[in-house]
Amino acid sequence: MAEVILYHHAQGLTPGVVAFADRLRRAGHLVHTPDLFDGRTFNDLDRGMQFVKELGFGEVRERGERAADKLPSELIYAGFSLGVLPAQKLAQTRHGAQGALLFYACVPVSEFGSAWPKRVPVQVHAMDADPFFVTDGDIDAARSLLGEAEEAELFLYPGNQHIFADSSLPSYDETASALLMQRVLDFLATR
């Protein structure tokens, strides 16, 4: 059994994020889903991003860090899009990290330190034509991470949706989401 902290995306802790966490729980894993927006959710990504800009990216990351402070450090850090910020930072900087699952985003390792920590495995998942992931440079950061981490995988799925594994959103892709879930469960089974 793995212990996971799963950070939501810019639309908040949606029913789809909770359903994703519940699927991991049914597989026997302990999953924490902190609400970084204090109960607020948004119908579309633009409204969510407007809220994030008002709140501040640094504040979102700090809220994620504070949520992890209450938990053991031996966690798998996972994040959807915006949630990658606290997940990746903690996977890189918190002693005892057991792994990272980065969905739809990846930032340069240099953002949080000089190198990816040894023995911290990582998976990055995104669609191959997701304009946020490809155009904004996340794919380049992910490919760089592949060359740096001892155990790293980048999974690209056909399509152009950004948040494709949240079953409560119109961007949900059932086929890609099922494959993503299987790969995540395989990852967690070895931790």
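Just so you know, these numbers come straight off a predicted model, no measurement behind them.
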- Note on the structure: In this structure, CG of Leu90 is separated from CG of Asp69 (nearest 0.5 Å) by 8.0 Å
- Quick one: side chain to side chain donor-acceptor pair (under 3.5 Å) partners of Gln182, sequence neighbours excluded? Asp186
- Item | Backbone N/O of Phe187 and side chain of Thr190: donor-acceptor pair under 3.5 Å | yes
- Query: For Asn43, does the CG atom have more than 12 heavy-atom neighbours from other residues, nucleotides or ligands under 6.0 Å away?
  - Reply: no
- Message: To the closest 0.5 Å, what do you measure between CG (Leu24) and CG (Leu185)?
- Response: 6.0 Å
- Shortest non-hydrogen pair, Gly79 vs Ala87, comes out as N-CB, 3.7 Å
- Query: Going hydrophobic residue to hydrophobic residue with side-chain gaps under 4.5 angstrom, can you get from Leu179 over to Val122?
  - Reply: no
- Message: Side-chain heavy atoms nearer than 4.5 Å, only ILVMFWY residues, links allowed to pass through others: does that put Val17 and Leu45 together?
- Response: yes
- Task: Compare all side-chain heavy atoms of Tyr157 with those of Leu180 and state whether any distance is below 4.5 angstrom.
- Result: yes
- Task: Consider only side-chain heavy atoms of I, L, V, M, F, W and Y, link residues closer than 4.5 Å, and tell whether Phe132 and Leu156 are in one cluster.
- Result: no
- Query: What's the verdict on side chain to side chain contact (heavy atoms under 4.5 Å, CB included) for Gln11 and Asp166, showing C-alpha distance, side-chain angles and the deciding distance?
  - Reply: CA-CA 10 Å; Gln11 288 179 251; Asp166 181 328; over 6 Å; no
- Least distance between heavy atoms, Val18 atom then Arg25 atom: O-NH1, 4.2 Å
- Message: Measuring from atom CG of Asp140 to atom CG of Leu145, what distance do you get when rounded to the nearest 0.5 angstrom?
- Response: 12.5 Å
- Query: Which pair of heavy atoms, one from Ala2 and one from Ile76, lies closest together, and at what distance?
  - Reply: CB-CG1, 4.2 Å
- Item | Within one Ile-Leu-Val-Met-Phe-Trp-Tyr cluster: Val134 and Phe80, side-chain cutoff 4.5 Å | no
- Query: Does Ser171 reach the main-chain N or O of Gln161 with its side chain, forming a donor-acceptor pair under 3.5 Å?
  - Reply: no
- Message: Is there a side-chain contact between His9 and Thr14 in this structure, where contact means two heavy atoms from C-beta onward sitting under 4.5 Å apart?
- Response: yes
- Message: In this structure, would Val4 and Val120 fall into the same cluster of hydrophobic residues linked by side-chain contacts under 4.5 Å?
- Response: no
- Query: Any Lys/Arg nitrogen of Glu74 or Arg191 sitting under 4.0 Å from an Asp/Glu carboxylate oxygen of the other?
  - Reply: no
- Item | Gap separating the CZ atom of Arg26 from the CG atom of Asp22, nearest 0.5 angstrom | 6.0 Å
- Message: Using modelled atom types and a 3.5 Å cut-off, is there a donor and acceptor pairing between side-chain atoms of His8 and backbone atoms of Leu36?
- Response: yes
- Item | Non-hydrogen atoms of Gln92 and Gly113 that approach each other most closely | NE2-N, 3.9 Å
- Query: Nearest heavy-atom pair of Leu154 and Ala142: which atoms, and what distance?
  - Reply: CD1-CB, 4.0 Å
- Got a second to check how far Met1's CE is from Leu30's CG, nearest 0.5 Å? 5.5 Å
- Message: How long is the straight-line distance from NE2 of His125 back to CZ of Phe133, given to the nearest 0.5 Å?
- Response: 10.5 Å
- Note on the structure: In terms of heavy-atom contacts, Val52 and Ala10 come closest through CG2-CB, 4.2 Å
- Query: Tyr7 side chain to Pro86 main-chain N or O, any donor-acceptor pair under 3.5 Å?
  - Reply: no
- Message: Atom CZ of residue position Arg47 - does it have more than 12 heavy atoms of other residues, nucleotides or ligands inside 6.0 Å?
- Response: no
- Mind checking whether Met127 and Asn160 have side chains closer than 4.5 Å, heavy atoms only? no
- Task: Without swapping roles, check the side chain of His29 against the backbone of Val31 for a donor-acceptor pair under 3.5 Å.
- Result: no
- Message: So, applying side chain to side chain donor-acceptor pair (under 3.5 Å) with Tyr77, which one of Gln88, Arg94, Lys89 is it?
- Response: Arg94
Quick one: side chains of residues 96-104, donor-acceptor pairs under 3.5 Å with protein atoms, not counting sequence neighbours, listed by atom name and distance.
residue	atom	partner	partner atom	Å
Gln98	NE2	Gly96	O	2.8
Tyr104	OH	Ala165	N	3.0

- Task: Give a yes or no on whether the backbone of Val107 and the side-chain of Asp138 come within a donor-acceptor separation of less than 3.5 Å.
- Result: no
- Note on the structure: Taken in chain and number order and not counting sequence neighbours, the residues that satisfy side-chain contact (heavy atoms from CB on, under 4.5 Å) with Glu148 are Val109, Ala115, Trp116
